[in-house]
Amino acid sequence: MGLVRLVFICCFVFVYGENKHDGSIKHDDPMLNTETPNYKEYCVIGAGPGGLQIAYFLENAGRDYLVFEKDHMAGSFFQKYPIHRRLLSINKIFTGKTNKEFNMRHDWNSLISNDDSLKFGKYSKEFYPNADSLLEYLNDYATKLNLKVQYNSTMHDILKRKDGLFQMWDQHNNAYTCKYMIVATGVSEPIAPKFAGDHLIEGYENLSTNLSDYKGQSVFIFGRGNAANDVANFINGVTAVVHMLGRSPTRLA
Ligand SMILES: Cc1cc2nc3c(=O)[nH]c(=O)nc-3n(C[C@H](O)[C@H](O)[C@H](O)COP(=O)(O)OP(=O)(O)OC[C@H]3O[C@@H](n4cnc5c(N)ncnc54)[C@H](O)[C@@H]3O)c2cc1C
Ligand SMILES: *[C@@H]1O[C@H](CO)[C@@H](O)[C@H](O)[C@H]1NC(C)=O
Ligand SMILES: *[C@@H]1O[C@H](CO)[C@@H](O)[C@H](O)[C@H]1NC(C)=O
Ligand SMILES: *[C@@H]1O[C@H](CO)[C@@H](O)[C@H](O)[C@H]1NC(C)=O
């Protein structure tokens with residue numbers, strides 16, 4: 001009987017709006033009540049695909065906005081994930097049609113813009129591209145379209161003040177106020193279900209990417225989402241058996 005390797009594929013949860021404040025403000029900031037330091041009409045937190053796309057529309061509409069990104073680049077999720085680097089989103093360059101709308105609907109990677117050089121098909125010809133291509137694409141998207149992104153800015157303690165404005169701080173405790181707050185921080189925290197033997201599982205974020213580690217093994221994967229499929233596809237050729245367990249049938253985008 002082969003060794004059983006338990007692989008826990010993390011599910012991620014949204015950690016939006018974890019309200020630690022309930023109106024009681026711990027920051028001892030004299031500006032908090034009336035002044036509006038670093039005011040922007042629109043604040044967007046996160047320069048992933050979501051934050052960049054909304055920034056594009058705000059930029060085009062001439063709005064007063066700023067995107068705050070904790071990393072030093074856009075699309076930072078794709079620096080590490082998917083860990084096996086092969087995108088699950090297909091790069092459908094040839095559709096048999098010339099209709100731009102039709103083609104865009106079949107393009108899983110491009111963001112919307114008026115710049116034809118910003119079609120993902122210009123960045124990779126592979127059907128399942130390397131994630132580095134998406135990282136390059138997203139950073140070009142931010143730069144070429146002059147999107148206002150302030151990098152190295154980790155925002156915390158977002159709250160709504162009595163005067164209706166939102167306020168938040170970066171890691172150096174510089175305060176920012178905004179009329180509208182758009183949170184595009186994506187998915188961030190693994191969910192680790194508790195059960196007997198859960199100490200034996202390995203999280204997706206920590207998995208070995210060395211195929212030799214999976215040779216001849218029987219692998220049990222908890223989950224059937226992006227992370228689970230990323231791993232299953234990668235190890236399938238060397239394992240004895242791969243079992244996947246999901247709480248619902250696989251749904252494709
Ligand atoms: C394992 C896995 C594989 C995937 N593979 C693919 C794929 O192949 N193709 C595909 O299209 N999609 C894939 N996805 C889905 C894709 O990752 C998401 O749909 C996409 O990243 C969501 O974009 P987003 O902008 O909402 O969030 P994110 O891309 O997560 O961006 C959020 C941004 O917010 C920043 N941020 C977070 N907190 C703060 C803060 N407090 N202050 C400032 N900035 C902050 C982060 O640094 C990050 O840059 C995959 C997902 C997973 C889990
Ligand atoms: C962000 O920080 C990194 C180091 O962590 C630095 O190399 C980079 O120049 C900084 N970028 C900006 C825009 O401040
Ligand atoms: C991943 O590794 C880190 C550090 O090695 C550890 O703290 C964490 O518990 C691991 N996560 C999982 C889900 O195994
Ligand atoms: C992968 O693992 C095998 C066996 O443990 C080891 O011999 C090999 O050096 C590893 N390869 C890499 C790239 O780490």
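- Below 30°, between 30° and 60°, or above 60°: for Tyr141 and Tyr137 the angle between ring planes is between 30° and 60°, a tilted geometry.
- Judged by distance alone, the side chain of Tyr56 and the main-chain N or O of Asn114 form a donor-acceptor pair under 3.5 Å.
- The salt bridge (Lys or Arg N to Asp or Glu O under 4.0 Å) pairs that include a residue from residues 103-120 are Lys100-Asp116, Asp116-Lys119, where partners are two or more places apart or lie in different chains.
- Lys125 places a side-chain N or O within 3.5 Å of a backbone atom of Gly121 that can act as its donor or acceptor partner.
- We find the CD-CD distance between Gln150 and Glu69 to be 11.0 Å, quoted to the nearest 0.5 Å.
- Residues Lys122 and Ser117 bring no donor and acceptor atom of their side chains to less than 3.5 Å of each other.
- Rounding to the nearest 0.5 Å gives a distance of 9.5 Å between CD of Gln53 and CG of Leu145.
- Using a 4.0 Å cut-off between charged side-chain N and carboxylate O, Arg86 and Asp230 make no salt bridge.
- No donor-acceptor distance shorter than 3.5 angstrom exists from the side chain of Asn174 to the backbone of Asp170, with no hydrogens or angles considered.
- Side-chain N/O atoms of Tyr65 and Glu59 include a donor and acceptor closer than 3.5 Å.
- Neither side chain, Tyr81 nor Glu205, offers a donor N or O lying under 3.5 Å from an acceptor on the other.
- Figure legend: cation-pi geometry between Lys97 and Phe102, with NZ or CZ positioned under 6.0 Å from the six-membered ring centre and within 45° of its axis.
- With hydrogens and angles disregarded, a donor-acceptor distance shorter than 3.5 Å links the side chain of Asn233 to the backbone of Asn229.
- Gln171 and Asn152 are not linked by any side-chain donor-acceptor pair at a separation below 3.5 angstrom, with hydrogens and angles left out of the test.
- For the ring-ring contact (aromatic ring centres under 6.0 Å, His included) test with Tyr176, the passing option among Trp169, Phe68, Tyr42 is Phe68; the others fail.
- Atom NE2 of His72 and atom CG of Asn139 lie 8.5 Å apart (nearest 0.5 Å).
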